[in-house]
Engineer: 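Quick one: structure below, then a few questions.
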Amino acid sequence: MTDAVDLAARVREGELRLHELDDHADPDVAAAARRQLVESETDASLDSVGDYGFPAAAAEPNIENMIGAVQVPMGVAGPVAVDGGAAEGEAYLPLATTEGALLASVNRGCSVVNAAGGANVRVTKSGMTRAPVFRVTDVVEAEALVEWVRDNVDRLREAAAETTTHGELLDVTPYVVGNSVYLRFRYDTKDAMGMNMATIATGAACDVIEAETDASLVALSGNLCTDKKPAAINAVEGRGRSVTADVAVPREVVTERLHTTPEAIAELNTRKNLIGSAKAGSLGFNAHVANVVAAMFLATGQDEAQVVEGANAITTAEVRGSGSDGDLYVSVSLSSLEVGTVGGGTKLPTQAEALDVLGIRGGGDPAGSNADAFAEYIAAGALAGELSLLSALASRHLSSAHAELGR
Ligand SMILES: CC(C)(COP(=O)([O-])OP(=O)([O-])OC[C@H]1O[C@@H](n2cnc3c(N)ncnc32)[C@H](O)[C@@H]1OP(=O)([O-])[O-])[C@@H](O)C(=O)NCCC(=O)NCCSC(=O)C[C@@](C)(O)CC(=O)[O-]
Ligand SMILES: NC(=O)C1=CN([C@@H]2O[C@H](COP(=O)(O)OP(=O)(O)OC[C@H]3O[C@@H](n4cnc5c(N)ncnc54)[C@H](OP(=O)(O)O)[C@@H]3O)[C@@H](O)[C@H]2O)C=CC1
């Protein structure tokens with residue numbers, strides 16, 4: 001502690017910068033010194049922030065200027081039965097949230113999915129993208145660049161391959177806007193979410209393009225990727241994993257466990273998730289997929305800003321069968337779910353344990369299968385959440401549920 005007090009004093013006197021403390025002390029002492037400083041300059045007490053349960057050194061690749069950790073309550077929903085391309089069997093879903101009623105809702109949805117025989121889930125498209133923007137003189141040069149890229153994808157693939165063993169360049173799609181050319185590189189990043197991998201590999205490919213053409217790189221990311229911003233390109237073309245889950249719920253399960261009818265849910269889905277979302281100009285044609293994506297991202301060490309893309313989802317609901325005997329078919333399709341079971345925050349102790357709950361920590365065999373299974377579990381959780389919330393709205397239980405569980 002004396003070390004921490006001394007270090008904080010040296011920062012206060014202008015001798016050291018806040019971010020240089022790790023060069024003078026081990027990461028836990030450096031964090032304590034920063035807390036000292038912040039406490040002395042604000043009215044805050046940081047006792048709880050400083051009471052974290054892992055060595056600060058473990059978080060070195062994840063954060064700078066660390067002062068401690070925030071703790072978010074984590075629970076489990078399920079188990080939920082999943083018939084996936086990579087995921088198979090029953091799994092508990094780890095969710096970290098502060099929203100009361102969310103776990104109860106997903107848990108109810110999981111029990112309904114199980115009563116219906118489980119969810120079918122498949123990853124239908126995969127690939128992490130990075131789209132640099134190049135300046136060219138005019139449209140003639142733009143066309144020349146596009147042609148060069150088309151003829152030299154193998155050279156770009158080789159340059160990318162020198163930077164990664166797991167990553168593989170799949171394709172490059174050009175977009176021209178006047179004298180700006182955007183090249184959307186798409187990679188198979190196996191079990192990594194892949195944003196560092198794709199960025200580093202694209203940097204190497206851009207060096208080749210600049211050496212061989214008249215184009216000048218303006219930025220390694222030209223926003224057509226599109227990372228961490230709402231964007232139709234991700235909803236249409238996909239980014240990360242595109243994954244779809246569905247289930248056919250017998251009518252009696254809907255009435256007994258969800259207190260409503262297949263017809264009411266189908267109508268609600270059309271008027272709320274489809275028409276309401278269209279009128280709002282929303283990219284999310286769903287009820288609360290973001291809730292499940294965010295809670296599972298937080299629990300498992302994903303990049304939380306990518307909930308923006310993860311929530312690009314469409315929920316459909318229809319009555320299957322005739323007359324008053326029909327069952328309820330519900331699907332949810334997440335077009336751009338960016339997940340990894342290696343890299344990022346996945347190695348941090350609590351996050352790694354949450355991945356163990358799903359049985360998918362680290363690299364899969366074959367490579368990529370763990371991240372595929374992870375995407376499928378999230379989609380199954382999103383399906384459960386949609387089923388439960390739509391039912392609560394149809395049966396007018398939403399406000400009472402939140403009054404009871406969320407306050
Ligand atoms: C709260 C329920 C589930 C009650 O629903 P219920 O059917 O009255 O509950 P129940 O007591 O009959 O229990 C049914 C099942 O629910 C689960 N369950 C029930 N209670 C718990 C609990 N304490 N802890 C864990 N699980 C629980 C559990 O699976 C249980 O089965 P059991 O295991 O007993 O056989 C229901 O009313 C519900 O799901 N409401 C919806 C709540 C919800 O989805 N909130 C999400 C957040 S809303 C939001 O953020 C987005 C929004 C709304 O703004 C988006 C939009 O615009 O649409
Ligand atoms: N740079 C950027 O622009 C951005 C970065 N981020 C951040 O990027 C990080 C995630 O990047 P990401 O590339 O996923 O992670 P990492 O940067 O950690 O890269 C993944 C690493 O895991 C190795 N690896 C080992 N086994 C496997 C396997 N089975 N499948 C895939 N890779 C494996 C890879 O080796 P090898 O490459 O040799 O194959 C690579 O070194 C997050 O921290 C995120 O917040 C987020 C947005 C933008």
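Everything quoted here is computed from the prediction, not taken from an experiment. Numbering of residues begins at 1 and proceeds along the displayed sequence. Each ligand, and each atom within it, is numbered from 1 in the order the structure gives.
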Engineer: Tell me whether the count of non-hydrogen atoms from other residues, nucleotides or ligands lying under 6.0 Å of OH in Tyr175 goes above 12.
Structural biologist: yes

Engineer: For ligand 2, which part of Thr199 has a heavy atom less than 4.0 Å away: the side chain, the backbone, both, or neither?
Structural biologist: side chain

Engineer: For atom 15 (O) of ligand 2, state which one of Ala198, Gly368, Gly343, Ala201 supplies the nearest heavy atom.
Structural biologist: Gly343

Engineer: Just to verify, which of His166, Glu338, Glu168, Met128 counts as forming a side-chain contact (heavy atoms from CB on, under 4.5 Å) with Thr189?
Structural biologist: Met128

Engineer: So which heavy atom in the protein is nearest atom 37 (O) of ligand 1, and how far is it from that ligand atom?
Structural biologist: Ala401 CB, 3.4 Å

Engineer: Can you name the atoms of ligand 1, numbered from 1 with element, that are less than 4.0 Å from a heavy atom of Glu99?
Structural biologist: 47 (C), 48 (S), 49 (C), 50 (O)

Engineer: What do the steps show when you test Gln351 against Thr300 for side chain to side chain donor-acceptor pair (under 3.5 Å), and what is the final call?
Structural biologist: CA-CA 4 Å; Gln351 290 84 338; Thr300 58; over 6 Å; no

Engineer: Of the protein's non-hydrogen atoms, which lies at the shortest distance from atom 33 (O) of ligand 1, and what is that distance?
Structural biologist: Arg257 NH2, 4.6 Å

Engineer: So for atom NZ, which belongs to Lys347, do other residues, nucleotides or ligands contribute more than 12 heavy atoms lying within a distance under 6.0 Å?
Structural biologist: no

Engineer: Just which atoms of ligand 1 are under 4.0 Å from any heavy atom in Ala287?
Structural biologist: 55 (C), 56 (C), 58 (O)

Engineer: Should Leu405 be listed as contacting ligand 1, given a heavy-atom distance under 4.0 Å as the test?
Structural biologist: yes

Engineer: Do protein heavy atoms approach atom 33 (C) of ligand 2 to less than 4.0 Å?
Structural biologist: yes

Engineer: Side chains of Thr164 and Tyr187 only: does a donor on one sit below 3.5 Å from an acceptor on the other?
Structural biologist: no

Engineer: So between Asn62, Asp191, Thr202, whose heavy atom ends up nearest atom 29 (N) of ligand 2?
Structural biologist: Asp191

Engineer: What protein heavy atom is closest to atom 45 (N) of ligand 1, reported as residue, atom name and distance in Å?
Structural biologist: His402 NE2, 2.9 Å

Engineer: Which ligand 2 atoms does Lys190 reach within 4.0 Å, using its non-hydrogen atoms?
Structural biologist: 30 (N), 31 (C)

Engineer: Just by distance, with hydrogens left out, do Thr244 and Arg122 show a side-chain donor and acceptor under 3.5 Å apart?
Structural biologist: no

Engineer: Please could you name the atoms of ligand 2 that Gly363 approaches to less than 4.0 Å, counting only its heavy atoms?
Structural biologist: 29 (N)

Engineer: Looking at atom 40 (N) of ligand 1, what's its closest protein heavy atom, distance included?
Structural biologist: Ala392 CB, 3.4 Å

Engineer: So which of Arg157, Arg186, Arg150 actually passes salt bridge (charged side-chain N to carboxylate O under 4.0 Å, His left out) with Asp171?
Structural biologist: Arg186

Engineer: If you define the side chain from C-beta out and look only at heavy atoms, does anything of Ser391 sit under 4.5 Å from His259?
Structural biologist: no

Engineer: Quick one: nearest non-hydrogen protein atom to atom 12 (P) of ligand 2, plus distance?
Structural biologist: Gly194 N, 3.5 Å

Engineer: Is there at least one protein heavy-atom neighbour under 4.0 Å from atom 41 (O) of ligand 2?
Structural biologist: no

Engineer: Can you find a protein heavy atom under 4.0 Å from atom 13 (O) of ligand 1?
Structural biologist: no

Engineer: Determine whether Ser388 and Ser105 satisfy the following criterion, side chain to side chain donor-acceptor pair (under 3.5 Å), listing intermediate values before the conclusion.
Structural biologist: CA-CA 6 Å; Ser388 186; Ser105 179; 3.0 Å; yes

Engineer: What residue and heavy atom of the protein are closest to atom 21 (C) of ligand 1, and at what distance?
Structural biologist: Ala104 CB, 3.4 Å

Engineer: How far is atom 37 (O) of ligand 2 from the closest protein heavy atom, and which atom is that?
Structural biologist: Thr164 OG1, 2.8 Å

Engineer: Closer than 4.0 Å to some heavy atom of Lys228 - which atoms of ligand 2 meet that?
Structural biologist: 46 (C), 47 (C)

Engineer: Nearest 0.5 Å, please: how far is CG in Leu102 from CG in Asn291?
Structural biologist: 4.5 Å

Engineer: Counting both backbone and side chain atoms, is some N or O of His397 under 3.5 Å from an N or O of ligand 1?
Structural biologist: no

Engineer: Please verify whether a non-hydrogen atom of Arg130 lies at under 4.0 Å from ligand 2.
Structural biologist: yes

Engineer: With a cut-off of 6.0 Å (strictly less than), are more than 12 heavy atoms of other residues, nucleotides or ligands near CZ of Arg12?
Structural biologist: yes

Engineer: Output yes when Asp327 and Arg320 qualify as a salt bridge under the 4.0 Å nitrogen-oxygen rule, no when they do not.
Structural biologist: no

Engineer: For atom 35 (O) of ligand 2, grab the closest protein heavy atom and report residue, atom and distance to one decimal in Å.
Structural biologist: His166 ND1, 3.7 Å

Engineer: Where is the nearest protein heavy atom to atom 8 (O) of ligand 1: which residue, which atom, and how far?
Structural biologist: His259 NE2, 3.9 Å

Engineer: To the nearest 0.1 Å, how far is atom 28 (C) of ligand 1 from its closest protein heavy atom, and which atom is that?
Structural biologist: Asn107 ND2, 3.9 Å

Engineer: If you have a sec, work out which protein heavy atom is nearest atom 10 (C) of ligand 2 and how many Å separate them, to one decimal?
Structural biologist: Met193 CE, 3.6 Å

Engineer: So, regarding His288 and ligand 1 (criterion: nitrogen or oxygen to nitrogen or oxygen, under 3.5 Å), is there a contact or not?
Structural biologist: no

Engineer: Step through the shown structure and confirm whether more than 12 heavy atoms of other residues, nucleotides or ligands are within 6.0 Å of CD on Gln71.
Structural biologist: no

Engineer: Examine ligand 1 and decide if any of its atoms is less than 4.0 Å from a heavy atom belonging to Glu404.
Structural biologist: no

Engineer: Using a distance threshold of 4.0 Å (strictly less than), state whether atom 58 (O) of ligand 1 has a protein heavy-atom neighbour.
Structural biologist: yes

Engineer: Can you find a non-hydrogen atom of Gly340 under 4.0 Å from ligand 2?
Structural biologist: no

Engineer: Before you tell me yes or no, could you show the steps for Thr316 and Tyr329 under side chain to side chain donor-acceptor pair (under 3.5 Å), namely the whole-Å CA-CA distance, both residues' side-chain angles and the distance that decides it to 0.1 Å?
Structural biologist: CA-CA 8 Å; Thr316 70; Tyr329 170 84; 5.3 Å; no

Engineer: Which ligand 1 atoms, with their elements, are less than 4.0 angstrom from a heavy-atom of Lys272?
Structural biologist: 56 (C), 57 (O), 58 (O)

Engineer: My understanding is that we take every heavy atom of each candidate and find the minimum distance to atom 7 (C) of ligand 2. Doing that for Asn196, Thr189, Thr163, which one comes out nearest?
Structural biologist: Asn196

Engineer: Going by the order shown, which atoms of ligand 2 are within less than 4.0 Å of some heavy atom of Asp227?
Structural biologist: 47 (C), 48 (C)

Engineer: Tell me which protein heavy atom sits closest to atom 45 (O) of ligand 2, plus the residue, atom name and distance to 0.1 Å.
Structural biologist: Asp303 OD2, 2.7 Å

Engineer: Among all protein heavy atoms, pick out the one at the shortest distance from atom 22 (O) of ligand 2; state its residue, atom name and that distance to 0.1 Å.
Structural biologist: Val342 CG2, 3.9 Å

Engineer: Test of understanding: given a 4.0 Å heavy-atom threshold, classify the contact between Thr165 and ligand 2 as side chain, backbone, both, or neither.
Structural biologist: both

Engineer: Which option, Gln306, Met195, Met197, owns the non-hydrogen atom nearest atom 47 (C) of ligand 2?
Structural biologist: Met195

Engineer: Tell me which protein heavy atom sits closest to atom 16 (O) of ligand 1, plus the residue, atom name and distance to 0.1 Å.
Structural biologist: Arg108 CB, 3.1 Å

Engineer: As an exercise, identify every atom of ligand 2 less than 4.0 angstrom from a heavy atom of Gly344.
Structural biologist: 18 (O), 42 (C), 43 (O)

Engineer: From atom 19 (O) of ligand 2, is the closest protein heavy-atom distance below 4.0 Å?
Structural biologist: no

Engineer: Measuring from atom 43 (C) of ligand 1, which candidate in Ser105, Gly284, Gly75 has the nearest non-hydrogen atom?
Structural biologist: Ser105

Engineer: Select the closest option to atom 39 (O) of ligand 1 among Ser388, Ala77, Ser391, Gly78, judged by heavy-atom distance.
Structural biologist: Ser388

Engineer: Step by step, would you call Thr226 with Asn234 a side chain to side chain donor-acceptor pair (under 3.5 Å)?
Structural biologist: CA-CA 7 Å; Thr226 296; Asn234 294 334; 4.7 Å; no

